J.: 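What follows is a single structure, and I will ask about it in a moment.
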Amino acid sequence: MSRMVTQIISTMETQVSNGPSGTSLPNGPVISTNGATDDSKTNLIVNYLPQNMTQEEFKSLFGSIGEIESCKLVRDKITGQSLGYGFVNYVDPNDADKAINTLNGLKLQTKTIKVSYARPSSASIRDANLYVSGLPKTMTQKDMEQLFSQYGRIITSRILVDQVTGISRGVGFIRFDKRNEAEEAIKGLNGQKPLGAAEPITVKFANNPSQKTGQALLTQLYQTAARRYTGPLHHQTQRFSLIPPFGKGPDPNNSTKPILDNLLNASYGVKSSPSLLPRFSPITIDSMTSLAGVNLTGPTGAGWCIFVYNLSPEADESVLWQLFGPFGAVTNVKVIRDFTTNKCKGFGFVTMTNYDEAAMAIASLNGYRLGDRVLQVSFKTSKQHKA
DNA sequence: TATAATT
């Protein structure tokens with residue numbers, strides 16, 4: 001089980017822009033002559049969202065750009081689990097454009113989200129994802145795209161690499177715009193040797209990632225349950241009580257602990273965080289919070305409120321998302337602005353769901369140099385509240 | 001030899 005956690009595969013992906021089609025208007029919803037609304041310039045698809053991100057967090061993140069007409073985090077119909085992508089339809093096409101420019105590539109926990117225009121929904125674009133294996137280890141993502149591009153428009157491509165060495169694992173994925181393009185690629189390339197390759201490649205339709213093995217689903221259950229608990233870290237394993245499918249010995253608590261430790265450590269999101277981060281140390285975090293957090297407001301409803309001081313007058317919400325997003329679930333960010341000038345008054349607030357992630361963010365970002373300023377970051381206290 | 005891309 002713990003092996004599955006360490007098996008996270010690092011990948012590279014081309015960011016393909018799905019440009020909106022049709023003529024462009026400066027503002028407002030586009031109404032075609034038949035009365036149907038054309039949302040091609042306002043509707044976005046967001047991919048590679050963290051597994052634990054909620055609909056509320058999703059809305060909060062994209063709502064910080066502009067007024068949203070509608071948004072939806074897509075979930076598995078049966079399990080209710082996030083499928084890792086969603087849609088945001090803005091009122092104003094300019095905000096959709098702004099969202100792509102400011103949020104595409106944003107790092108959230110272990111993910112780098114992708115924000116692009118949604119293609120018009122249709123049956124012809126479904127099931128157009130191919131799984132490719134037996135690729136020469138020297139073949140790059142560009143090489144692979146070049147090979148497949150003769151069969152149609154490529155939406156995404158990816159070659160899986162060993163996380164430690166960075167060397168290609170010889171397998172990858174190609175998503176075409178249309179299913180029939182994917183079919184043609186299979187006909188043309190399955191069993192063929194790429195230019196100069198020793199072995200033929202296998203090209204077939206990819207399995208649907210939502211069709212998981214029982215064990216993978218159980219892992220996911222554990223992750224979800226573990227992240228929901230927001231107490232101090234050293235209490236986490238002893239308070240945790242999801243046992244039956246995992247316990248092999250007479251004391252399921254003991255046999256479960258190492259698994260949980262792995263899952264919890266994997267959930268800190270430290271790996272993808274800025275290089276300035278110190279190594280994770282539960283003792284440091286705990287002593288810091290117990291000494292400095294005398295007047296902690298605590299997890300009031302939504303989560304743990306963090307006070308961020310010494311932001312520049314130009315700071316905006318996206319800065320706070322970028323700073324705190326890598327550490328875990330962020331439910332809300334707010335930059336406090338002067339009423340008349342609309343400039344940041346030098347501080348803001350961030351709400352995070354989980355105590356351990358909030359503590360990690362504070363430990364890492366307090367004293368962080370942002371431009372020519374040094375940030376002060378702490379749990380919000382009642383004293384600061386009055387100020 | 002397996003990633004969360006169409007509501």
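Quick caveat: nothing in here was measured; it's all calculated off a predicted structure. Lettering of chains follows the sequences in order, A, B, ..., and the numbering in each one begins at 1.
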J.: Using a heavy-atom cut-off of under 4.0 Å over every strand shown, decide if A:Lys77 touches base, sugar-phosphate, or nothing.
T.: nothing
J.: Who passes ring-ring contact (aromatic ring centres under 6.0 Å, His included) against A:Phe176, sequence neighbours left out?
T.: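 Not a single residue meets the ring-ring contact (aromatic ring centres under 6.0 Å, His included) criterion with A:Phe176.
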J.: Find the distance A:Phe176:CZ to B:dT6:P and express it as a whole number of Å.
T.: 16 Å
J.: According to the salt bridge (charged side-chain N to carboxylate O under 4.0 Å, His left out) rule, which pairs have a member within residues 180-196 of chain A, sequence neighbours left out?
T.: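 Residue pairs passing salt bridge (charged side-chain N to carboxylate O under 4.0 Å, His left out), neighbours aside: A:Arg179-A:Glu183, A:Glu184-A:Lys187.
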J.: Rounded to whole angstrom units, what separation is found between the CG atom of A:Asn89 and the C1' atom of B:dT7?
T.: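 Rounded to the whole Å, the gap is 11 Å.
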J.: Filter on salt bridge (charged side-chain N to carboxylate O under 4.0 Å, His left out), then keep only pairs touching residues 338-351 of chain A, sequence neighbours left out; what's left?
T.: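 Sorted result for residues 338-351 of chain A: A:Glu314-A:Lys343.
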J.: Write out all pairs satisfying side-chain hydrogen bond (donor to acceptor under 3.5 Å, both in side chains) with one or both partners inside residues 325-337 of chain A, taking only residues at least two apart or from two chains.
T.: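 Found A:Ser60-A:Asn332, A:Glu317-A:Arg337.
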J.: In whole Å, I'd like the distance from the CG atom of A:Leu49 to the P atom of B:dT3.
T.: 17 Å
J.: Atom CG of A:Asn104 to atom P of B:dA5: distance rounded to whole Å?
T.: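 It works out to 14 Å between those atoms.
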J.: With no angle test and no hydrogens, is the base of B:dT7 tied to the side chain of A:Asn43 by a donor-acceptor pair under 3.5 Å?
T.: yes
J.: I need the residues from residues 123-131 of chain A with at least one non-hydrogen atom less than 4.0 Å from DNA chain B; give them sorted by number, or say none.
T.: A:Ile125, A:Arg126, A:Asn129, A:Tyr131
J.: Among the clusters formed by ILVMFWY side chains lying less than 4.5 Å apart, do A:Phe205 and A:Ile174 turn up in the same one?
T.: yes
J.: CD1 of A:Ile201 versus P of B:dT1: gap in Å, rounded?
T.: 15 Å
J.: Rounded to the nearest angstrom, tell me the gap between atom CG in A:Leu83 and atom P in B:dA5.
T.: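 Checked: the CG to P distance equals 9 Å.
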J.: Ignoring hydrogens and angles, does a donor from either the side chain of A:Gln51 or the base of B:dA4 sit under 3.5 Å from an acceptor on the other?
T.: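 A donor-acceptor contact between them is present.
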J.: Table please: side-chain donor-acceptor pairs of residues 65-72 of chain A below 3.5 Å, with sequence neighbours left out.
T.:
residue, atom, partner, partner atom, Å
A:Glu69, OE1, A:Asn89, ND2, 3.2

